[in-house]
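Encoded as C-alpha cells, the structure appears first; notes follow it.
Within every chain, numbering begins at 1; the chains are lettered A, B, ... in the order of the sequence lines, protein sequences first and strands thereafter.
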Protein chains: 2
Amino acid sequence: MGTKERRERERAAREQRFLQAARTQIREQGLLALQMAPVARACDYATGTLYQHFASKEDLLLALCAEQAAKRVEILLRAGRWEANSRDRMFALVTGDMLFALASPDHFRLTQYVFTEVVWRAASECRRQAVLDAHEPIGALVGGIVHDAISCGDLDARGRAPLELAIGQWSMTIGMHTLVHAEGVLEFFHLHEPYPMLLRHVQLHLNGLGWKPLLDPFDEQRLQEKIDQVCATLYPDLERAGPVTIAGTGD
Amino acid sequence: MGTKERRERERAAREQRFLQAARTQIREQGLLALQMAPVARACDYATGTLYQHFASKEDLLLALCAEQAAKRVEILLRAGRWEANSRDRMFALVTGDMLFALASPDHFRLTQYVFTEVVWRAASECRRQAVLDAHEPIGALVGGIVHDAISCGDLDARGRAPLELAIGQWSMTIGMHTLVHAEGVLEFFHLHEPYPMLLRHVQLHLNGLGWKPLLDPFDEQRLQEKIDQVCATLYPDLERAGPVTIAGTGD
DNA sequence: CCGGGCAGTGAATCGGGTTCAAAATCCGGA
DNA sequence: TCCGGATTTTGAACCCGATTCACTGCCCGG
C-alpha cells in the first residue's frame, strides 16, 4: 500500500512550506525577528506541529541553511562541468560563489550565524550532519579541479593534497563573505567593491601557486574580459542589476 | 573637587569586573550559557546595576569583544615595530594573529558571533562604534606596512590603495579563523593544521603580489625558519604547548 | 545636621521558545 | 459501514531568562 509513502511525501511537502515561510519571515523582518509561532501560523499549523519537524529554532535555521546550500552547490557545479582549463574553472567557481552571494545575501548572513558556536550547538546532531553533507559536493568539486590541474601539468602540487592547495582560495572567499556581511566594517576602512577585489586577489593567489596559465590581475582589461566570459557563459541568469566591474580607482 | 573623577574611576573599575566575570563565565560554561543575573551576582551587584553599564546582553558581548580586540592589537603592533623588511613584517602580522587566535580561542568565537547580524543589531550604536574603533589600529598598521613596502620598492602598487592590496591577506586570515571555529568542518574535509596552511598560503599570496623578497613556501626548511624566527623574536610569550610546525605529509 | 537627588536593588514583568494533555483524525479489521 | 486503538495535531500553559521600574538608602552640598 502507498499510504505510508503518501504520508511521507506530505510530510516532506509540509516541511518545505515551513522552510518557505521562515525564509519569507527572515527576508521581510530580518533574522532577528524570526519567531516560531508565526511560522507555524503562516502555514495554518499549530506551533507543536512545527516542532515535529525541527527540534528547536536553531534546528530550523540549520535546515534552512542546508536547503540553500543545495542551491549554491547547484550553481557551483556549473563551473565544474565547464569546458575550460583548470585555472579558469577554479576562477569560475569563486565567481559563481560571488554571484550567488550577491543574489542571495540572506544565505550568507544565515550561514555565518549558523556556524557560530552558539547556534551550531543548539541544533540536533543529525541536522548538523545534514548541513555538512550539503556542503560536501563543494569539497569534491574543488578537489576535482585541483586534481585535474595537477594531472594535466597546470599546477605543481609540490607534494600537497588537492584541498590543501585550495584552502587558500576557500578561506579567502569565506573571509570576504564575512567582511561583506560585517555591517560597517568595510565602510569603516574605506573599502568598496569587495567582490571585485576578491576576484583580483584570487587571481593573484593562483599566480602565487604557479597555476598556469598565469594572468596579470592588474591588467584591468584582461581580468574584466575573463570575468565577463565566465558570467556570460556560466551564469547568464545570475547577473542582476548589471555586470560585475573590476574598475576601481585605487585612490 | 575630585569626587566626580573618583566616581568615574570606580565606575570604570566596576565595568572591568563585570567584563571579567562574563569572560570567566564564558570560559567555564560556554558562550551559550552566559546569563546576565549570574554575572551581576558574581560581582556582588544586582542585575539592574549591570544594565547601567550595558544596554543589553549583546551590548555586553560587544564590549567584551572590543576589550579583547585591544589586546590583540597590542600583539599585532609588535609586528609593526619590528626592524625587518616589509614582507617579513606583513608575514609577522598574520603569524601574530595566528598565535593570538591559538592562545585565545574564545576571542575569535566571540568575534565571529558578535559580527553576526543578529547580535550586532541588538547592541547599542555607540558600542558598535567602539568595536570598530578598537579594530582601527589594525587597519592603520596594515596600511603602514604596505605603504612602506611600496615606497622602498618591495612592492609595486599598480595604482592600488594600500588596504586594497592587503585585503587578500586579511580576508584569508579571517576566513581561516572562521573555518577553524566552524566545528566539524575541517575534519569533515580531512584538513588538519589549518594555521600552518594559512601561513603557507599567505606566503603564496605575497609571492603572487610580487612582494619582495620572494620566498618559496613549499621549501619546508626555509618557511619553518621564517616562522621560528618570527615567533622567537616577536612572540616568545605566546608559544604555548610547543612551536608551530609546518611539516604535514600532504597525503 | 538636613534634604534633594542619584545610584543601587531585586522582585515583577514580559516575551517567546518549548512542552504535553486533550482532541481530532486516521486506518485496518469486523 | 462502523468500531477502537494508534497516531497526529492542537494551542494553552509552562518555563526560562532578559529587561524594567518602583522603592530604598546613601552621598554631598548647603
Side-chain angles (χ1 to χ4, degrees), chain A residues 1-15 17-19 21-22 25-26 29-64 113-114 116 118-124 127, chain B residues 1-19 21-22 25-26 28-64 113-114 116 118-124 127:
Chain A
M1 85 183 59
T3 299
K4 235 355 171 343
E5 204 176 60
R6 178 173 52 76
R7 279 301 193 90
E8 204 50 50
R9 219 166 336 107
E10 282 174 3
R11 192 186 153 79
R14 190 169 63 181
E15 188 150 321
R17 290 184 55 203
F18 282 142
L19 290 172
Q25 189 160 132
I26 290 174
Q29 322 257 321
L31 199 46
L32 189 61
L34 182 72
Q35 284 172 234
M36 295 301 267
V39 169
R41 262 290 75 90
C43 302
D44 290 312
Y45 282 101
T47 317
T49 309
L50 188 50
Y51 278 85
Q52 298 208 334
H53 291 261
F54 310 103
S56 66
K57 181 175 168 172
E58 285 76 16
D59 215 53
L60 184 152
L61 291 179
L62 288 236
L64 216 45
Y113 189 52
V114 150
T116 262
V118 174
V119 177
W120 190 256
R121 278 255 157 76
S124 67
R127 202 60 84 168
Chain B
M1 85 184 60
T3 297
K4 234 359 172 339
E5 207 174 57
R6 179 173 52 77
R7 279 303 192 85
E8 203 49 50
R9 221 168 333 108
E10 284 173 1
R11 192 187 153 77
R14 190 169 63 182
E15 187 149 323
Q16 285 306 312
R17 291 183 55 202
F18 281 143
L19 289 173
Q25 188 159 134
I26 290 173
E28 291 177 0
Q29 321 258 320
L31 198 48
L32 190 59
L34 182 72
Q35 283 172 234
M36 296 301 265
V39 168
R41 262 288 77 89
C43 302
D44 290 314
Y45 281 101
T47 318
T49 310
L50 189 52
Y51 278 87
Q52 296 207 336
H53 291 262
F54 310 103
S56 66
K57 180 173 167 172
E58 286 74 17
D59 214 51
L60 184 152
L61 291 178
L62 287 236
L64 215 45
Y113 189 51
V114 150
T116 262
V118 173
V119 178
W120 189 257
R121 278 254 157 76
S124 67
R127 202 59 85 168

- 4.5 Å side-chain heavy-atom contact, W120(B) and L62(B):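 Heavy-atom side-chain distance check passes, below 4.5 Å.
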- Query: Would a 4.5 Å heavy-atom cut-off, applied to side chains only, mark L64(B) and V114(B) as touching?
  - Reply: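 Side-chain contact under 4.5 Å: no.
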- Message: Over all strands shown, is R41(B) touching base, sugar-phosphate only, or nothing at heavy-atom distances under 4.0 angstrom?
- Response: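 Sugar-phosphate only.
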- Query: With a non-hydrogen cut-off below 4.0 angstrom, is L34(B) in contact with a base, only sugar-phosphate, or nothing?
  - Reply: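 Answer is sugar-phosphate: L34(B) comes under 4.0 Å of backbone atoms only.
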- Message: Going by salt bridge (Lys or Arg N to Asp or Glu O under 4.0 Å), name the residues that satisfy it together with R121(A), two or more places apart in sequence or in a different chain.
- Response: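 For R121(A) the salt bridge (Lys or Arg N to Asp or Glu O under 4.0 Å) partners, ignoring immediate neighbours, are E117(A), E183(B).
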To the nearest Å, how far apart are [X] [atom1] and [N] [atom2]?
X	N	atom1	atom2	result
Q35(A)	dC14(C)	CD	P	17 Å
E10(A)	dT7(D)	CD	P	17 Å
F54(B)	dG17(D)	CZ	P	20 Å
R7(B)	dG29(D)	CZ	P	10 Å
R11(B)	dG8(C)	CZ	P	8 Å
E8(A)	dT7(D)	CD	C1'	14 Å
Q29(B)	dG17(D)	CD	P	12 Å
Y45(B)	dT19(D)	OH	C1'	20 Å

Taking only the side-chain nitrogens and oxygens of [X], find out if one of them lies under 4.0 Å from OP1 or OP2 of [N].
X	N	value
Q52(B)	dG8(C)	yes
R14(A)	dT9(D)	yes
T49(A)	dT10(D)	yes

- Message: If the condition is side-chain contact (heavy atoms from CB on, under 4.5 Å), which residues does E10(B) pass it with, not counting sequence neighbours?
- Response: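 Once residues adjacent in sequence are excluded, the partners of E10(B) under the side-chain contact (heavy atoms from CB on, under 4.5 Å) criterion are R6(B), R7(B).
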- Query: Looking at residues at least two apart in the chain, or sitting in another chain, which of them share a ring-ring contact (aromatic ring centres under 6.0 Å, His included) with Y113(B)?
  - Reply: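 ring-ring contact (aromatic ring centres under 6.0 Å, His included) check on Y113(B) returns nothing, list empty.
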Report, one pair per line, the protein and nucleotides 18-21 of chain C atoms (nitrogen or oxygen only) whose separation is under 3.5 Å.
unit_1, atom_1, unit_2, atom_2, d
dT18(C), OP2, Y51(A), OH, 2.6
dT18(C), OP2, K57(A), N, 3.0
dT18(C), O5', Y51(A), OH, 3.4

Show the atom names and distances, to 0.1 Å, of all donor-acceptor pairs under 3.5 Å that link a side chain in residues 50-60 of chain A to residues at least two apart or in another chain.
unit_1, atom_1, unit_2, atom_2, d
H53(A), ND1, E15(A), OE1, 2.8
H53(A), NE2, R14(A), NE, 3.0
H53(A), NE2, R14(A), NH2, 3.0
S56(A), OG, E58(A), N, 3.4
S56(A), OG, D59(A), N, 3.2
S56(A), OG, A122(A), O, 3.1
K57(A), NZ, L34(A), O, 2.8
D59(A), OD1, S124(A), N, 2.8
D59(A), OD1, S124(A), OG, 2.8
D59(A), OD2, A55(A), N, 3.1
D59(A), OD2, R127(A), NE, 3.4

- Item | Value rounded to 0.5 Å, distance of OG1 in T49(B) from CG in D44(B) |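 Going from OG1 on T49(B) over to CG on D44(B), the span is 11.0 Å.
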